[in-house]
Amino acid sequence: ELGDVVLLGAGAPPEYRLRPAVVTALAESYCTVVVLDSDRRLGIGECWPCFQDVAAIESSLLRLGTRVVLRNMSGARTRRLNGFTGVVSAHPKQGHPTFVNKSSSADTPQLTVCIKFDDSAAAGGGAALLPPR
């Protein structure tokens with residue numbers, strides 16, 4: 001499903017075999033994935049494996065509708081969100097999952113997910129794009 005983190009199998013391109021990837025689109029017999037670095041934070045490539053070329057689902061925590069509790073947010077802007085609850089949601093313009101390019105690493109997109117907060121007033125907004133932890 002969209003947002004699943006998978007391990008690519010033997011049928012994937014050689015440079016991506018046994019690498020983690022996040023599912024970004026689904027078709028009848030294959031999916032589109034963005035291949036992730038070993039920390040599962042940065043996009044390093046894209047491919048279109050058939051479903052049988054996915055060796056395993058590593059995590060389903062980023063699926064749409066998954067309930068989350070924010071933890072380990074340490075950035076100056078995000079630290080205050082620790083303890084808030086919400087739901088993994090599609091971003092209104094970018095869909096799910098999302099990737100952002102930061103000025104410090106403009107060539108390497110960072111994986112983010114849109115979290116719609118249960119208590120938007122206390123969170124200071126209805127939703128936020130956040131990196132998975």
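One-based numbering along the sequence shown.
- The shortest non-hydrogen separation linking K116 to S89 is CB-OG, 3.4 Å.
- For C31, the side-chain contact (heavy atoms from CB on, under 4.5 Å) partners at least two apart in sequence or on another chain are V23, L26, V33, P49, F51, V54.
- Residues F99 and L111 have side chains in contact (heavy-atom distance under 4.5 Å, counting atoms from C-beta outward).
- Crowding of R67 atom CZ: a count of heavy atoms from other residues, nucleotides or ligands under 6.0 Å exceeding 12.
- In this structure, OG1 on T98 lies 14.0 Å from NZ on K93, to the nearest 0.5 angstrom.
- Here the shortest heavy-atom pairing between R80 and A123 reads NH1-O, 2.7 Å.
- For the pair L42 and P109, the minimum side-chain heavy-atom distance is 4.5 Å or more.
- In this structure, the side chains of V5 and L62 come closer than 4.5 Å at one or more pairs of heavy atoms.
- Distance check: E46 CD to T24 OG1 gives 5.5 Å after rounding to the nearest 0.5 Å.
- Atom-to-atom distance recorded for Q110:CD and L36:CG is 11.0 Å, nearest 0.5 angstrom.
- Between the side chains of D118 and T85, a donor-acceptor pair is found at a separation under 3.5 Å.
- The closest side-chain heavy-atom distance from L130 to T78 is below 4.5 Å.
- Closest approach of C114 and A127 over heavy atoms only: SG-CB, 3.9 Å.
- Residues F84 and I115 have side chains not in contact (no heavy-atom distance under 4.5 Å, counting atoms from C-beta outward).
- Two residues are said to be in side-chain contact when any heavy atoms from C-beta on lie closer than 4.5 Å; C47 and V35 meet this criterion.
- At a threshold of 4.5 Å between non-hydrogen side-chain atoms, the residues R63 and E1 count as touching.
- No donor-acceptor pair under 3.5 Å is formed between the side chain of R19 and the backbone N or O of S38.
- Side chain of R71 to backbone of V69: no donor-acceptor contact under 3.5 angstrom is found.
- The neighbour count for R41 CZ, taken as heavy atoms of other residues, nucleotides or ligands under 6.0 Å away, does not exceed 12.
- Under the side chain to side chain donor-acceptor pair (under 3.5 Å) criterion, the residue pairs touching residues 25-37 are T32-W48, with sequence neighbours excluded.
- Side-chain contact between R17 and L8 is absent, with no heavy atoms from C-beta onward closer than 4.5 Å.
- Placement of M73 and V68 within a single hydrophobic cluster is found when ILVMFWY residues are connected by side-chain heavy-atom separations under 4.5 Å, directly or transitively.
- When all heavy atoms are compared, the tightest approach of V88 to L61 is CG2-O, 4.1 Å.
- Note on V87 and L129: separate hydrophobic clusters, where clusters join Ile, Leu, Val, Met, Phe, Trp and Tyr whose side-chain heavy atoms are under 4.5 Å apart, directly or indirectly.
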